[in-house]
Amino acid sequence: MAEAAPAPFIPLRPIPMRDRASIVFLQYGELDVLDSAFVLVDQNGVRVQIPVGGLACLMLEPGTRVSHAAVVLAARVGCLLVWVGEGGVRLYASGQPGGARADKLLYQAKNALDETARLNVVRKMYELRFGEPAPERRSIDQLRGIEGVRVREMYKLLARRYGVEWKARNYDVKDWDKGDLPNQCLSAATACLYGLSEAAILAAGYAPAIGFLHRGKPQSFVYDIADIVKFETVVPTAFEVAARVAKGKGDGTPAERQVRVACRDSFRRAKILDRIIPMIEDVLRAGGLEPPEEAPEATDAAIPREEASGDDGHRN
C-alpha cells in the first residue's frame with residue numbers, strides 16, 4: 001500500500017494590522033512555543049495559549065521570560081513584544097517584528113530633515129488632533145506651545161465631565177505610588193496606546209524614533225501618532241475608570257488592570273487599528289515630498305527574501 005504524500009508546507013501569512021485585536025498584558029510566566037502553540041507557562045506548568053498572530057502587541061511585565069522560539073514566532077507573525085514595568089508604566093525595550101522598509105524609512109527621514117515638510121507634517125497632526133487647521137504663520141515651537149495649552153484645558157474639561165478631582169498631569173516614572181489615582185489611570189492607559197501605536201508604525205514599515213513634533217527619543221514618532229487619538233480614546237477611558245474606582249464602583253481589581261480592559265474595549269469601538277496605518281500615511285503625505293527613488297546602483301541580494309505578506313513592514 002502506497003504511503004500518503006506529505007501535506008504541502010503552508011507558509012505563515014501575517015494577519016493585517018487592521019484585522020487584529022489590540023494588546024494583551026502578560027506577567028509571571030515563560031513565553032514559549034510548545035506543541036506548535038504559542039503559550040504562557042506558569043510556575044506550576046499550566047499552559048495558557050495565546051493567539052499571537054491575531055494580536056498587535058504583547059506587553060511583557062516583570063516576571064516574564066521569553067524563549068528564542070517564542071521570539072521567532074512573534075516576529076514571523078508580526079506581533080510586537082514590548083517589555084514594560086509594573087503596571088505597564090515604563091517602557092524598557094521592544095522587539096521589532098517587521099522592521100522598517102528602506103523606501104519608507106528614507107521617505108520618513110526626508111520629511112523629518114526638510115524643515116518645510118516637517119512643519120507641514122506637524123500642522124497636519126495638529127489638524128487631525130483638534131479637528132481644525134493649525135494657526136497660520138506659526139513655527140513648530142509655537143505650535144507646540146499652543147498645543148500644550150489646549151491639552152491642559154482638555155484634561156480639565158474631561159476631568160469635570162467625569163467627576164474626577166484633577167490637579168495636573170503629574171507622575172514619577174520611578175515611583176508608581178507617588179501619582180494620584182487619575183494620573184495612575186492615565187499612565188496605564190497611555191502605555192497601552194503607545195504599545196499599539198508602535199506596533200502599527202512598525203507594521204507600516206516606518207521607524208518609531210524619527211519624530212516630527214517630538215524629537216530625540218526612541219519612540220518620538222510613537223508619541224506623535226498616539227497624541228493624535230489620545231483624547232478620543234484613552235484619556236476619557238482613564239478618567240471614567242478613575243471616577244468609578246474613586247466612588248467604590250470598580251470591580252475590585254487594581255485600577256491599572258481595569259484601565260487596560262477598558263482601553264481594549266475603547267480601541268475596538270473606535271476601530272483604532274483600522275484607522276492608524278492610513279492616518280500615518282496621511283500625516284507623512286502632508287509633508288508634500290515625493291518618496292525617494294530607488295538607488296540606481298542597487299544590486300540584488302545573493303539570497304533574496306520573499307515578498308512580505310500582511311502589512312508593508314512584516315518580514316513574512
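Numbers for residues simply follow the sequence, beginning at 1. Only heavy atoms go into these numbers, but all of them, side chains included; no hydrogens, no water, no symmetry mates.
By the 4.5 Å side-chain criterion applied to Ile, Leu, Val, Met, Phe, Trp and Tyr, L289 is assigned to no cluster and stands alone. Through direct or indirect side-chain contacts shorter than 4.5 Å among Ile, Leu, Val, Met, Phe, Trp and Tyr, L34 is connected to V39, V41. Clustering of Ile, Leu, Val, Met, Phe, Trp and Tyr by side-chain heavy atoms under 4.5 Å joins V259 with L181, V241, V245.
Across all non-hydrogen atoms, the minimal contact from D224 to I228 is O-CG1, 3.5 Å. Considering every non-hydrogen atom in both N120 and G287, the closest pair reads ND2-O, 3.4 Å. Of all heavy-atom pairs between K104 and G205, the closest is CB-O, 3.5 Å. Closest non-hydrogen pair, R20 versus G78, comes out as NH1-O, 3.0 Å. Here the closest non-hydrogen pair linking P182 and F239 is CB-CE2, 4.1 Å. A203 approaches M17 most closely through the heavy-atom pair CB-CE, 3.4 Å.
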I50 and L55: CA distance, side-chain angles, deciding distance, side chain to side chain contact (heavy atoms under 4.5 Å, CB included) verdict: CA-CA 9 Å; I50 299 168; L55 296 170; 3.8 Å; yes
Verify side chain to side chain contact (heavy atoms under 4.5 Å, CB included) between I276 and I225, making sure each step is shown before the conclusion. CA-CA 8 Å; I276 198 164; I225 296 302; 3.9 Å; yes
Derivation and outcome, side chain to side chain contact (heavy atoms under 4.5 Å, CB included), residues C192 and F25: CA-CA 9 Å; C192 294; F25 281 79; 3.6 Å; yes
W83 and V66: side chain to side chain contact (heavy atoms under 4.5 Å, CB included), yes or no, with the steps? CA-CA 11 Å; W83 283 262; V66 189; 4.0 Å; yes
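Formation of a donor-acceptor pair under 3.5 Å by the N44 side chain with backbone atoms of V46 is not found in this model. Looking at R144, its side chain does come within 3.5 Å of a backbone N or O of L213 through a donor-acceptor pair. Although no hydrogens or angles enter the test, the distance criterion places a donor-acceptor pair under 3.5 Å between the side chain of T64 and the main chain of L26. Judged by distance alone, the side chain of T190 and the main-chain N or O of S187 form no donor-acceptor pair under 3.5 Å. Under a 3.5 Å cut-off, the side chain of S67 and the backbone N or O of L31 do form a donor-acceptor pair. No donor-acceptor distance shorter than 3.5 angstrom exists from the side chain of Q258 to the backbone of G250, with no hydrogens or angles considered. Remark: side-chain polar atoms of S266 are not paired, donor with acceptor, to backbone N or O of A262 under 3.5 angstrom.
Once rounded to the nearest 0.5 Å, the distance linking OG1 of T237 with NZ of K230 reads 13.0 Å. A distance of 9.0 Å separates CG in D311 from CG in D19, rounded to the nearest 0.5 Å. Atoms CG and CE, on L284 and M125 in that order, are 9.0 Å from each other to the nearest 0.5 Å. Distance CD1/I210 to CZ/R118: 12.5 Å, rounded to 0.5 Å. To the nearest 0.5 angstrom, R65 atom CZ is 10.0 Å from D32 atom CG. For the atom pair R264 CZ and R269 CZ, the distance stands at 10.5 Å (nearest 0.5 Å).
V77 is not listed as a side-chain neighbour of F38, based on a closest heavy-atom distance of 4.5 Å or more. In this structure the side chain of L81 reaches within 4.5 angstrom of the side chain of V71, judged on heavy atoms. R47 is listed as a side-chain neighbour of D35, based on a closest heavy-atom distance under 4.5 Å. Considering only heavy atoms from C-beta on, C57 comes within 4.5 Å of M59 through its side chain. The shortest distance between side-chain heavy atoms of V82 and L60 does not fall below 4.5 Å. Between R215 and Y223, every side-chain heavy-atom pair lies at or beyond the 4.5 Å cut-off.
Salt bridge status for K167 with D180: absent, with no side-chain N to carboxylate O gap under 4.0 Å. For the pair R244 and D251, the salt-bridge criterion is not met [side-chain N within less than 4.0 Å of a carboxylate O]. Salt-bridge check for E61 with R260: passed, with a basic side-chain N closer than 4.0 Å to an acidic carboxylate O. Salt-bridge formation is detected for the pair E232/R275: a Lys NZ or Arg NE/NH1/NH2 atom is positioned less than 4.0 Å from an Asp or Glu carboxylate oxygen.
Inspection of the R169 and N183 side chains reveals an N or O donor paired with an N or O acceptor under 3.5 Å.
Other residues, nucleotides and ligands place no more than 12 heavy atoms under 6.0 Å from the CD atom of E290. Counting heavy-atom neighbours within 6.0 Å of R257 CZ, excluding the residue itself, gives a total of 12 or less. Within a 6.0 Å radius of CD in Q49, no more than 12 heavy atoms belonging to other residues, nucleotides or ligands are found.
Both M279 and V122 belong to a single network of hydrophobic side chains, linked directly or stepwise wherever heavy atoms of I, L, V, M, F, W or Y lie under 4.5 Å apart. Both I277 and V283 are part of a single hydrophobic cluster, where members link through side-chain heavy atoms under 4.5 Å apart. In terms of hydrophobic clustering, with Ile, Leu, Val, Met, Phe, Trp and Tyr side chains grouped at heavy-atom distances under 4.5 Å, L273 and V222 are assigned to a common cluster. Linking ILVMFWY residues whenever their side-chain heavy atoms come closer than 4.5 Å, directly or via other members, places F221 and Y107 in the same cluster.
Checked against side chain to side chain contact (heavy atoms under 4.5 Å, CB included), R123 has the following partners two or more places apart in sequence or in another chain: L119, A134, E136, L143.
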In residues 193-202, what donor-acceptor pairs under 3.5 Å come from side-chain atoms, sequence neighbours left out?
residue : atom : partner : partner atom : Å
S197    : OG   : L193    : O            : 2.9
E198    : OE2  : S94     : OG           : 2.9

Output a table of donor-acceptor pairs, distance under 3.5 Å, between side-chain atoms of residues 146-162 and any protein atom two or more places apart or on a different chain; print 'none' if there are none.
residue : atom : partner : partner atom : Å
E147    : OE2  : R129    : NH1          : 2.2
R150    : NH1  : Y126    : OH           : 3.1
R150    : NH1  : E132    : OE2          : 2.9

